[in-house]
Amino acid sequence: MEICLHIGAHRTGTTALQQVLKSGSARLHAGGVGYLGPSALRGWGLYDLIQRMTEDRAPGDRVIAAQAALRDMIDRCAPAKRIVVSDENLSGTMV
């Protein structure tokens, strides 16, 4: 499986790209490409999973929990051969 991580910096067209990926997600899926965007990663998605899994854990255990949460999100895209993960907040906030 190939994972393409798109970490869009603020004000670089990330939202436009995400809208295209989301609107074409059925076509992408038919072509063997999964898409995890902000709606999958925020709220009840990946970020929340990581926070709930890591609240009372040591730093090393947090990394393992975060990896497990990401693996779970990726597994939901199966049987995709490629997965695009996109979120501008992965790179942090504007300074």
Side-chain angles (χ1 to χ4, degrees):
M1 178 182 300
E2 178 180 312
I3 299 175
C4 176
L5 180 60
H6 172 251
I7 304 174
H10 293 275
R11 316 283 310 154
T12 61
T14 298
T15 303
L17 174 64
Q18 290 167 345
Q19 289 171 346
V20 169
L21 291 168
K22 185 176 181 179
S23 68
S25 62
R27 287 171 132 178
L28 290 169
H29 185 73
V33 178
Y35 170 61
L36 294 174
S39 61
L41 299 171
R42 299 181 192 170
W44 290 103
L46 178 63
Y47 295 148
D48 186 62
L49 278 172
I50 292 171
Q51 183 175 356
R52 283 187 286 147
M53 293 174 74
T54 61
E55 286 175 345
D56 295 322
R57 298 185 186 203
D61 292 338
R62 291 178 187 164
V63 171
I64 293 168
Q67 289 171 337
L70 182 56
R71 193 174 311 113
D72 180 57
M73 296 291 288
I74 289 169
D75 287 346
R76 291 183 201 179
C77 289
K81 295 177 183 167
R82 293 183 179 96
I83 299 174
V84 177
V85 179
S86 177
D87 194 345
E88 65 272 8
N89 288 337
L90 290 175
S91 61
T93 60
M94 272 179 33
V95 178

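All of these numbers come straight from a predicted model, not from anything done at the bench.
- Distance check, rounded to the nearest 0.5 Å: SG of Cys77 to CE of Met1 gives 7.5 Å.
- The distance from atom OG of Ser23 to atom CD of Gln18, rounded to the nearest 0.5 Å, is 12.0 Å.
- Through direct or relayed side-chain contacts under 4.5 Å between Ile, Leu, Val, Met, Phe, Trp and Tyr, Val84 connects to Leu17, Leu21, Leu28, Val33, Tyr35.
- With rounding to the nearest 0.5 Å, the separation of SG in Cys4 from CG in Leu36 is 11.5 Å.
- Note that the CD1 atom of Ile74 and the CD1 atom of Ile3 stand 3.0 Å from one another [nearest 0.5 Å].
- Taken from CG in Asp75 to CD1 in Ile83, the straight-line distance is 8.0 Å, to the nearest 0.5 Å.
- Residues Ser86 and Pro38 share a closest heavy-atom pair of O-CD, 3.6 Å.
- Here Thr12 pairs with Ala9, Thr14 under the side chain to side chain contact (heavy atoms under 4.5 Å, CB included) rule; sequence neighbours left out.
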